[in-house]
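Presented below is the structure to which this report refers.
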Protein chains: 2
Amino acid sequence: MALFSFTEENYIKCIYHLGKSSPMVSTNAIAQNLNTKAASVTDMLRKLSDKEILIYQKYKGVKLKALGESIAIKTIRKQRLWECFLVEKLEFGWDEVLEVAEQLEHIQSPKLTDSLDAFLGFPSYDPHGDPIPNKQGVFPSSLGKTLDAYKPGLKLKITAVKDSSPEFLRYLEKLKIDLKTKIEIIEIEDFDQSMVVKIDGVVRSLSQVTCQNIYAQ
Amino acid sequence: MALFSFTEENYIKCIYHLGKSSPMVSTNAIAQNLNTKAASVTDMLRKLSDKEILIYQKYKGVKLKALGESIAIKTIRKQRLWECFLVEKLEFGWDEVLEVAEQLEHIQSPKLTDSLDAFLGFPSYDPHGDPIPNKQGVFPSSLGKTLDAYKPGLKLKITAVKDSSPEFLRYLEKLKIDLKTKIEIIEIEDFDQSMVVKIDGVVRSLSQVTCQNIYAQ
DNA sequence: CAATTTTTTTAGGTTCGTCTAAATTTATAT
DNA sequence: ATATAAATTTAGACGAACCTAAAAAAATTG
């Protein structure tokens, strides 16, 4: 297993993010994003290309290969787990975490990452609401969002729960809510953000807290 | 406030440790300790000397100046706090922590260090039993012990507090307890381990919890 | 105390990641 | 379609931290 430098990881992460909005990432875009100069980027791109991390064609921009994607996702996983830690355990404000998390994300220790994940209760989203890939590199995006993020009129399917305590699960059982249950949002009460929903033809009310702990899509 | 590189911090920490057993630290000793070559050490020593971190005389070895000591102690503080975190919170074995802690100790964020310290309950010793300097760089050995470890009849001087929350500090103010306050232990109540003490001629009672958070010697 | 060994420093070179300035390729616009 | 503008790459250099080999200083030893 090859190791990558702090700097290389930053380039890879940057290219991953920029790649979300355009298939080919340009030298200049990277330079701007990393606060560096285009010439420095070109040098690094040739190096990363030699290392099979990305596909680079002169003047045509760059695209991550599978290896590069996996490094990017591992780095993002670490960053977002550390952000959770800082906010939830060390009482940082969500706006103070970035600088520190960008240092912590380069610590090399798979055991540390996975232990931290477990210690935090395997969170799916970081304090900014960004999804955290799991150990296998899979994002929770396929879970949709928590119920409270949706609007009346939608017909959804429950995908997961956030709080998986026995208490909450027992409560859901009582409501006849299960994985894959179909749910229709009838309306949202203005005064307490509780939701009126239809489940199996039965109309029920769910508190805001409950909605914040149910993923649906 | 100047910042120091990962590498510089390692040299400084190494010199600090070697300086414990001999006043002048030799080039070769450093090279061996850091798994590098004497020539590389010489280069770095000249650089650190220029930065006022240590006193370097050709062929005579090296000795940290106040600035160097303070950097070393800050780094040691971070290393040992992280070791506590890894063992206590993430269930690492005490023999697995070194490699990871030596990465984590270079994270630059005073807020992170102090929050971590608080999160861990201001530990005085790491999992290997090594003392952890406090925020002011003072090692617990020179702080004496917490009050609850002493016996009646002793006349002591307050050296520090363990819990430095505003709440506790305000409470101490009310008791007229300050750094360097002289305190005499009159007796210890058997049933709740509270202490009757004389401060400035006034007799007061301190709860066990309070005593556990005041260092004296 | 002179010779040898050990330690340390100097000299010169390498890699990594950066830079500026100049050259080249691609894109845009008249 | 050709001129101009923008993006990108090349060339050459720099600082940091490292290296090897050779020179110099200090310590050891007969």
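As a basis for the values below, the full set of heavy atoms in this structure was taken, side chains included, without hydrogen atoms, waters or symmetry mates. Protein chains get the first letters and strands the later ones, always in sequence-line order, with residue 1 at the start of each.
Picking from D:dT8, C:dC19, C:dT9 the nucleotide with the shortest atom distance to the side chain of A:Ser26 gives D:dT8. Considering only the side chain of A:Thr36, C:dT18 comes nearest among C:dT8, D:dT10, C:dT18.
Using a 4.0 Å heavy-atom cutoff across all strands shown, A:Tyr11 reaches sugar-phosphate atoms only and no base atom. Residue contacts shown for B:Tyr56 are limited to sugar-phosphate atoms, with no base heavy atom under 4.0 Å away. Residue contacts shown for A:Thr42 include a base, since a base heavy atom lies under 4.0 Å away. Using a 4.0 Å heavy-atom criterion, one finds that B:Thr27 contacts the sugar-phosphate atoms exclusively.
Judged as a side chain to side chain contact (heavy atoms under 4.5 Å, CB included), and not counting sequence neighbours, the contacts of B:Phe168 are B:Val161, B:Asp163, B:Ser165, B:Tyr171, B:Leu172, B:Thr210, B:Asn213, B:Ile214. For A:Asp178, the side chain to side chain contact (heavy atoms under 4.5 Å, CB included) test picks out A:Thr181, with sequence neighbours left out. Residues passing the ring pair (Phe, Tyr, Trp, His ring centres under 6.0 Å) test with A:Tyr215, sequence neighbours excluded: A:Tyr125. With sequence neighbours excluded, the residues satisfying side chain to side chain contact (heavy atoms under 4.5 Å, CB included) with A:Gln103 are B:Ile107, B:Gln108. Partners of A:Glu52 under the salt bridge (Lys or Arg N to Asp or Glu O under 4.0 Å) rule, at least two apart in sequence or in another chain, are A:Lys65. Applying the side chain to side chain contact (heavy atoms under 4.5 Å, CB included) criterion to A:Glu96, with sequence neighbours excluded, gives A:Phe92, B:Lys111.
Rounding to whole angstrom units, CZ of residue B:Phe4 and P of D:dG15 are separated by 19 Å. Nucleotide C:dT8 holds its P atom 9 Å from the CD1 atom of B:Ile30, rounded to whole Å. In this structure, CG of A:Leu3 is placed 14 Å from P of C:dC16, rounded to the nearest angstrom. The interatomic distance linking B:Glu9 (CD) with D:dA16 (P) rounds to 16 Å, in whole Å. Straight-line distance from the CG atom of B:Asp43 to the C1' atom of C:dG13: 12 Å, rounded to whole Å. Atom pair A:Met44:CE and C:dC19:C1' shows a separation of 14 Å (rounding to whole Å applied). Between the CG atom of A:Asp50 and the P atom of C:dT15 there is a distance of 14 Å, rounded to whole Å. The NZ-P distance, from A:Lys60 to C:dA27, rounds to 8 Å in whole Å.
No side-chain donor-acceptor contact under 3.5 Å links B:Lys145 and B:Gln217. Remark: the B:Gln79 side chain and the B:Glu83 side chain contain an N/O donor-acceptor pair separated by less than 3.5 Å.
For the ring-ring contact (aromatic ring centres under 6.0 Å, His included) condition, the pairs that include at least one residue of residues 6-28 of chain A, sequence neighbours left out, are A:Phe6-A:His106. Every pair passing side chain to side chain donor-acceptor pair (under 3.5 Å) that includes a residue from residues 146-161 of chain A is listed here, sequence neighbours excluded: A:Thr146-A:Asp148. For residues 31-43 of chain B, no residue pair satisfies the side chain to side chain donor-acceptor pair (under 3.5 Å) rule, not counting sequence neighbours.
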Kindly give the atom pairs (protein nitrogen or oxygen, nucleotide nitrogen or oxygen) under 3.5 Å for nucleotides 20-23 of chain C.
from, atom 1, to, atom 2, distance (Å)
C:dT20, OP2, A:Lys37, NZ, 3.4

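The stretch residues 98-108 of chain B has no heavy atom under 4.0 Å from DNA chain C, so no residue of it qualifies as close. In the region residues 13-21 of chain B, proximity to DNA chain D at under 4.0 angstrom, judged on heavy atoms, holds for none of the residues.
Side-chain nitrogen and oxygen atoms of A:Asn28 include none within less than 4.0 Å of the OP1 or OP2 phosphate oxygen of D:dA6. Of the side-chain N and O atoms in B:Lys58, none sit less than 4.0 angstrom from OP1 or OP2 of D:dA24.
Between B:Phe85 and A:Phe119, the ring planes lie perpendicular to each other; the angle is over 60°, past the 30° to 60° tilted range.
Toward the 5' end of DNA chain C, the nearer of the two residues A:Glu8 and B:Val41, judged by each one's closest nucleotide, is B:Val41.
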